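Working notes, beginning with the structure itself.
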Amino acid sequence: EQERVFMSLENDNNVNEGSVEDVVERYRPEIQKLTPFLKWLRNSARIDVAQTYSNSELNNTMSIPVYDSNLLAFVKAAQSTNLLDRNYVYVYSRNRLRDYRDELLFIDRAGITDMDDLAGILSKYILSGMTKGGVWAEGVKNGVLYTVVTKMDELVKFWDKTLENEQNL
């Protein structure tokens, strides 16, 4: 499939909206804000990165999640990108994504033309985590945040190199 997308590229050196060059140019700087967290995300998968704080003297009060500082830094970095889309629910309905297993399968099969949908998966975790306590930690623990950022980075690097080689021909 990647070859098919590649063949459809126009060789007029203009960056056309929605072209592979356009996608690479738009996503590269945003993904670079997140890649410093990949090692931490990989090492933290299957680990609970949020502890629950509750005051034992006030038994029936709300418990408050206390997050790992790396998780908070990752969330802040993601919020500083242009990757977050409040309409991520459409990505989920369009691709029939119901749980983290569906997400991981979709990410595994995704190509450069799926970058907006990959950003939608990232958006779900970052944006819904702002209102639902355990979502950020869940995205780290189930490996989806690591996998989606890794995939986006790999796709941008692959197509960056491929486009560079094309221009040198």
Side-chain angles (χ1 to χ4, degrees), residues 1-6 17-51 65 67-164:
E1 183 182 39
Q2 288 181 336
E3 289 77 29
R4 191 178 77 238
V5 172
F6 191 63
E17 178 107 22
S19 69
V20 174
E21 293 104 326
D22 176 49
V23 172
V24 169
E25 290 300 315
R26 277 189 297 127
Y27 280 94
R28 184 192 310 109
E30 304 307 307
I31 293 163
Q32 286 172 346
K33 296 175 186 174
L34 302 179
T35 53
F37 297 95
L38 284 174
K39 185 178 180 195
W40 177 82
L41 286 167
R42 185 187 65 232
N43 293 340
S44 300
R46 294 178 299 284
I47 295 172
D48 206 347
V49 291
Q51 305 300 317
Y67 299 108
D68 181 295
S69 61
N70 290 303
L71 176 58
L72 293 176
F74 171 75
V75 168
K76 190 173 184 180
Q79 289 169 337
S80 78
T81 68
N82 296 330
L83 299 175
L84 302 186
D85 178 8
R86 298 201 178 282
N87 293 321
Y88 66 84
V89 289
Y90 297 114
V91 171
Y92 278 74
S93 59
R94 188 172 57 245
N95 295 295
R96 295 182 191 84
L97 304 178
R98 286 176 294 284
D99 62 20
Y100 79 95
R101 289 180 291 276
D102 292 342
E103 293 165 346
L104 289 170
L105 198 60
F106 178 82
I107 294 165
D108 184 55
R109 295 174 175 167
I112 194 73
T113 56
D114 299 310
M115 288 295 273
D116 290 342
D117 288 352
L118 293 172
I121 292 172
L122 177 68
S123 299
K124 175 211 158 187
Y125 283 92
I126 301 301
L127 295 173
S128 62
M130 292 161 71
T131 53
K132 291 188 204 127
V135 177
W136 293 337
E138 176 192 319
V140 174
K141 195 172 184 177
N142 66 21
V144 171
L145 289 172
Y146 169 76
T147 308
V148 76
V149 174
T150 299
K151 182 66 163 197
M152 293 172 90
D153 188 43
E154 287 171 357
L155 287 169
V156 164
K157 285 179 177 166
F158 172 83
W159 284 104
D160 215 10
K161 194 176 281 333
T162 304
L163 293 167
E164 196 177 296

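Bear in mind that the values here come from a model prediction, so they are computed numbers and not experimental data.
Rounding to the nearest 0.5 angstrom, the gap separating the CD1 atom in Ile121 from the CG atom in Leu97 is 5.5 Å. Note that CZ of Arg109 is 11.0 Å distant from NZ of Lys151, once rounded to the nearest 0.5 Å. We find the CG-OG1 distance between Leu118 and Thr150 to be 11.0 Å, quoted to the nearest 0.5 Å. Distance OH/Tyr27 to OG1/Thr81: 9.5 Å, rounded to 0.5 Å. The CZ atom of Phe37 sits 14.0 Å away from the CG atom of Asn43 when rounded to the nearest 0.5 Å. Distance check, rounded to the nearest 0.5 Å: CG of Asn95 to CD of Glu103 gives 11.0 Å.
Within the 4.5 Å cutoff, the side chain of Val23 has no heavy atoms near those of the Val20 side chain. In this structure the side chain of Arg26 reaches within 4.5 angstrom of the side chain of Asp116, judged on heavy atoms. At a threshold of 4.5 Å between non-hydrogen side-chain atoms, the residues Met115 and Ile31 count as touching. Counting heavy atoms from C-beta on, the side chains of Val24 and Ile112 come closer than 4.5 Å. Taking 4.5 Å as the limit, every side-chain heavy atom of Asp102 sits out of range of all side-chain heavy atoms of Arg96.
Contact record, Tyr88 with Gly120: CB-O, 3.2 Å, taken as the closest heavy-atom pair. When all heavy atoms of Arg28 and Val156 are compared, the pair lying nearest together is CB-CG1, 3.8 Å. The heavy-atom pair separating Gly143 from Ala45 by the smallest distance is CA-CB, 4.5 Å. The minimum heavy-atom distance between Ser80 and Glu30, with the atom names listed, is O-OE1, 4.4 Å. Closest approach of Met152 to Leu83, counting heavy atoms only: CE-CD2, 4.2 Å.
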Show the atom names and distances, to 0.1 Å, of all donor-acceptor pairs under 3.5 Å that link a side chain in residues 131-141 to residues at least two apart or in another chain.
unit_1	atom_1	unit_2	atom_2	d
Thr131	OG1	Ser128	O	3.3
Trp136	NE1	Tyr125	O	3.4
Trp136	NE1	Ile126	O	3.0

- Yes or no on side-chain contact (heavy atoms from CB on, under 4.5 Å) for Val149 and Phe74, after CA distance, side-chain angles and deciding distance? CA-CA 11 Å; Val149 174; Phe74 171 75; 4.1 Å; yes
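A salt bridge links Arg94 with Asp117; the closest basic N to acidic carboxylate O contact falls under 4.0 Å.
Put simply, the residue from Val148, Leu122, Asp153 that forms a side-chain contact (heavy atoms from CB on, under 4.5 Å) with Leu34 is Leu122. Among the candidates Leu41, Asp68, Asn70, the single residue satisfying the side-chain contact (heavy atoms from CB on, under 4.5 Å) test with Val49 is Asp68.
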